[in-house]
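Each remark here refers to the structure printed beneath this line.
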Amino acid sequence: MQNPDARAVMIDATRLLGQLQSLAGFTSVEPSAEGTAVTRIVFTPDDLRARAWLRKLAVDEGLSVRVDTVGNTFFRWSGAEPDLPAVATGSHIDAIPHAGMYDGTVGVLGGLEAIRALKRSGLSPRRSIELVLLTSEEPTRFGIGCLGSRLISGTLDPEKADTLHGAQRGTEEETLAQVRAAAGFTGPLSSVRLPQGHYHAWVELHIEQGPLLERAGEPIGIVTAIAAPAGYRFTIEGMGGHAGALLMPDRRDALCAAAELILSIEKHTVATGATDSVATVGTCDVYPGAVNSVPSRVTLQLDIRDTDPARREGVMQAVRRDVEAIRTRREVRITESLVNADDPATCSPHIVEVLDEVCRGAGIQPRHMVSRAYHDSLFMARIAPMAMIFIPCRAGVSHRPDEYAAPADISLGARILASALGKLASE
Ligand code: GLV
Ligand code: MN
Ligand code: MN
């Protein structure tokens, strides 16, 4: 069979949902009244067990396996012309602390089910079709998101990457070089890089992580661009002392200075008036961290994003002016270090058109939309034409245990993905 349309592709929704549930079981958090909280930090025993489980599923489907030195894993269904650039799909299975069970996993297990469905349809693809599990899309452990896809696309210097320090629950730990070696991923990170044109097309299926599809009652979004993320670390150093004895006029409290800095970030982001400008300070490490001790040092991590990198930089400039004022007034030292400042990605008009066509064939009018969340696709776009398929998630909730996507939407997303992969693989 050639070019199956979305109606001809049959997704085994029961199996796909069952496997999403099973994957959610690889977590260091017990299910609670809050919902199925999932915490699966890269290269922890839970992550490694989940990888082994996934690998078995893929091998059972007859896919070949390649694992690179950072743990990106490539499951391939060989096409009739295996030397042609393959068509690829994929996402991540790592999960931030107390996350839900759909972020990333829908793209990985949905991608696997899409391949199974294409096999069942009798398709004999011209190009190979590959499912890729990307390492550490989440920045939780190494402070920078999309580690695997940054290295694939040459966006992160491999030597520098190996020196990144892991930090779990605020404690400094080993470097990436040490952590990945202990997890069984050895060899130079420079070998992870893939050349421009390595893939004919890259398509990622993901939950929207925002409310627009659900609000509009629309089942499918096609992403046309991904907003540009940036990350900064601020260290604020003041003077510690006894919480009772150090008099207020004599204080140089690092946490009070940090509080002003956080509010400055919020103020200048809101002042842009742009819905696409967002900024979050999501971690705050206080030293020495005792209730009766004036904080002498604070480290903050800032995540700031925009569809317009110039506007994002404008916010940072305004924040830096406030930093000067805080420094002087509070007599503290404030240092800023850049973690990453990425450009936005534009999706391939051709893949968007293919996805439109597949949706129309299935009787669906898809919504074209921007992704404000980042994804590995942001970096895969640097080596291949890229697009993404979004499905709704309840109330737009994500990065929370109550994240939820409806079975019918997951199944439809996998069906659209399968059909698109089939078409792209015939090109
Ligand atoms: C991805 O997890 C993001 O933070 O956008
Ligand atoms: Mn996420
Ligand atoms: Mn994700």
Side-chain angles (χ1 to χ4, degrees), residues 20 23-24 27 29 36-42 47 50 54 72 89-111 131-150 155 202-213 221 223 225-232 276-283 301-307 309 312 339-345 369-381 386-393 396-405 410 413 417:
L20 280 164
L23 183 49
T27 170
V29 175
T36 316
V38 177
T39 298
R40 196 164 43 243
I41 310 298
V42 69
D47 177 50
L54 181 69
N72 292 318
T89 187
S91 198
H92 62 100
I93 62 164
D94 63 323
I96 66 163
H98 296 272
M101 55 172 274
Y102 301 96
D103 175 4
T105 56
V106 164
V108 174
L109 289 172
L131 170 69
V132 188
L133 167 66
L134 291 153
T135 287
S136 197
E137 191 265 357
E138 302 291 6
T140 311
R141 189 159 191 177
F142 293 102
I144 186 165
C146 302
L147 199 51
S149 53
R150 279 180 196 274
T155 309
W202 168 270
V203 187
E204 179 174 358
L205 170 65
H206 206 282
I207 58 169
E208 181 198 339
Q209 304 183 288
L212 300 183
L213 290 172
V223 174
I226 304 177
Y232 295 86
D276 288 341
S277 293
V278 287
T280 309
V281 175
T283 68
Q301 282 179 295
L302 165 64
D303 174 314
I304 177 166
R305 315 181 189 200
D306 208 310
T307 44
R312 185 186 71 195
V339 180
N340 62 290
D342 300 302
D343 287 331
M369 58 198 303
V370 167
S371 173
R372 287 188 191 80
Y374 62 67
H375 303 281
D376 290 303
S377 293
L378 184 68
F379 299 100
M380 297 310 278
M386 171 283 290
M388 292 187 72
I389 303 165
F390 272 178
I391 58 166
C393 55
V397 164
S398 186
H399 283 186
R400 272 171 38 183
D402 54 340
E403 179 182 87
Y404 175 78
I410 296 172
L417 174 65

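Just follow the structure's listing: the first ligand is 1, and inside any ligand the first atom is 1.
Note on E137: not counted as a metal contact of the Mn ion (ligand 2), no N/O/S atom lying under 2.8 Å. Distances from the Mn ion (ligand 3) show that H375 has no N/O/S atom below 2.8 Å.
There is a side-chain donor-acceptor pair under 3.5 Å between D103 and H399.
For ligand 1 and A373, the ligand atoms under 4.0 Å from any heavy atom of the residue are 5 (O). Residue H399 has at least one heavy-atom neighbour below 4.0 Å for each of these atoms of ligand 1: 2 (O), 4 (O).
From R150, atom CZ reaches atom CG of N340 across 4.5 Å, with rounding to the nearest 0.5 Å. Here the OG-CD1 distance, from S398 to I96, works out to 7.5 Å after rounding to the nearest 0.5 Å. With values rounded to the nearest 0.5 angstrom, L134 atom CG is found 11.5 Å from F379 atom CZ. Here the straight-line distance linking atom OG1 of T105 with atom CD1 of I410 works out to 8.0 Å at 0.5 Å rounding.
Using a 4.0 Å cut-off between heavy atoms, Q209 makes no contact with ligand 1 at all.
Tested against M388, the residues D376, I226, L205 include a single side-chain contact (heavy atoms from CB on, under 4.5 Å) partner, I226. Under the side-chain contact (heavy atoms from CB on, under 4.5 Å) rule, L417 has a single partner from V106, I391, I389, which is I389.
Nearest to atom 3 (C) of ligand 1 by heavy-atom distance, out of R305, E138, R372, is R305.
For E138, the N, O or S atom closest to the Mn ion (ligand 2) goes by the atom name OE2. Restricting D103 to its N, O or S atoms, the one at the least distance from the Mn ion (ligand 2) is OD2.
Protein heavy atom in closest approach to atom 1 (C) of ligand 1: E137 OE2, 3.3 Å.
Seen from the Mn ion (ligand 3), atom NE2 on H92 and atom NE2 on H206 lie at an angle near 120° (rounded to 10 degrees).
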